[in-house]
Amino acid sequence: MHKPALPLEGTDSFQDQIRIVLVETSHSGNIGAVARAMKNMGLGNLWLVNPNSFPDEASYARSSGASDVLDRANVVSSLDEALADCVLVMGTSARGRKVPWPVIAPPEAAVAASENAANGPVALVFGRENHGLSNEELQRCHYHIHIPSNPDYSSLNLAMAVQVMCYELRMHFLRGLEGGEGSPYLKPMTSPGDPGWDVPPAPVNDVEGFFGHLEQVLVDVEFHRRENPRQLMTRLRRLFQRARLDQMEINILRGILTSVQKAAGAKADNKTTEADPKATGQDNGHV
C-alpha cells in the first residue's frame, strides 16, 4: 500500500511525550502532510480524533517517507480520549474569544511543552481545516497558541500550522544540546575560522602581500596611478577585507594577478616589437 518508512532517526529525547492531536481532519492527505512535518522535526506521536478517512493511500502518499508516523498513529473517537492522561494541553486558535484565555506564541509554547513533558504527555491540539477548534474544545486547553500570521490572510493550512509548532519544538531542543552550548547546526558558518570552514583564514601578512600585488598590477595595466591614487586602493581594501579571505582564496587571487601581469607584459612586448624596426629585423620597409 505504501513505501517502507525511513527510520525515525535523531528524535528529540522528549518526542514521544509531545502529542500532536488532529481533530476531525477532513482530508486524509493533510494527515500525511502533518506526519511529514512532524518527522522532519523529530516528532512521531500523532493522535487522530475521529478523522473523516484514515488510513488510506492519500495519507501515505503525502507523508513522503514518514509512513512510520502514520503506522504508529492513535485513532480515537473523542478528544477526551486523546487528552485523558495529558498534563498540559495547548490548542491553536486564530480567533479572539469573548472570554479572554491565556494565549502564548509558538516559541513560548515550545518551551512550556518541553518543560512539562518531563511530568507526562503534552498535547498540541489542531482543529478542522475549515473552522478550527470549537469553543468547547478550546476550553479544554490550558493555553491557546496564536501563530502571528498576516492579519489580512491569517488562515494557515493544517500541515503548515503543525510545521510551525514542530519547528519551534525542534529549535528549543537543539538550543539545549551539549550542556547548554546548543547544537552545532545552529551556529552560523559565514567566514574562515568558523567551525566547518574548509580552509583557515589568511594571515595579515599574506593579505597585505595581496594588496601590494594588486596595486602593482593595476599600475602595470595603467588602471591606477600612484601619484594620483584618489581612493581606489582604500575602497578595494575595504571590499576585500569585508570578504574575510581564506588562505586558498588569497592564493587564487595572487595567481590571477600573476597571470594578468604575464599577459600584460606579453602584450607590451608585442607593441614594442611592432614599433621598433630593429627589433623585427626591418629597415625602411625591407627585410
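Hydrogens, waters and symmetry mates are skipped; everything else that's a heavy atom, side chains included, is used.
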Review item, side-chain donor-acceptor pairs of residues 236-245, under 3.5 Å, at least two apart:
from : atom 1 : to   : atom 2 : distance (Å)
R237 : NH1    : E208 : OE2    : 2.8
R237 : NH2    : E208 : OE1    : 3.0

Checklist entry - Between K262 and D220, is the closest basic N to carboxylate O distance under 4.0 Å? => result no
Item to check | R254/D206 ion pair, N-O < 4.0 Å | outcome: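 The answer is no: the pair does not qualify as a salt bridge.
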Next on the checklist: List the residues meeting ring pair (Phe, Tyr, Trp, His ring centres under 6.0 Å) with F54, not counting sequence neighbours, and say none if there are none.
Outcome noted: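 Ring pair (Phe, Tyr, Trp, His ring centres under 6.0 Å) check on F54 returns nothing, list empty.
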Next on the checklist: Q231: which residues meet the side chain to side chain donor-acceptor pair (under 3.5 Å) condition with it, sequence neighbours left out?
Outcome noted: R235
Next on the checklist: Using the rule side chain to side chain contact (heavy atoms under 4.5 Å, CB included), only one of T92, L43, L22, I20 pairs with L124; which is it?
Outcome noted: I20
Short side-chain donor-acceptor distance under 3.5 Å, [Y] and [X]:
X    : Y    : answer
D56  : S28  : yes
Q139 : N135 : no
H224 : E215 : yes
R36  : S63  : no

Item to check | Within 6.0 Å of CZ in R230, more than 12 heavy atoms from elsewhere | outcome: no
Checklist entry - Checking K39 side chain against G65 main chain: does a donor-acceptor pair fall under 3.5 Å? => result yes
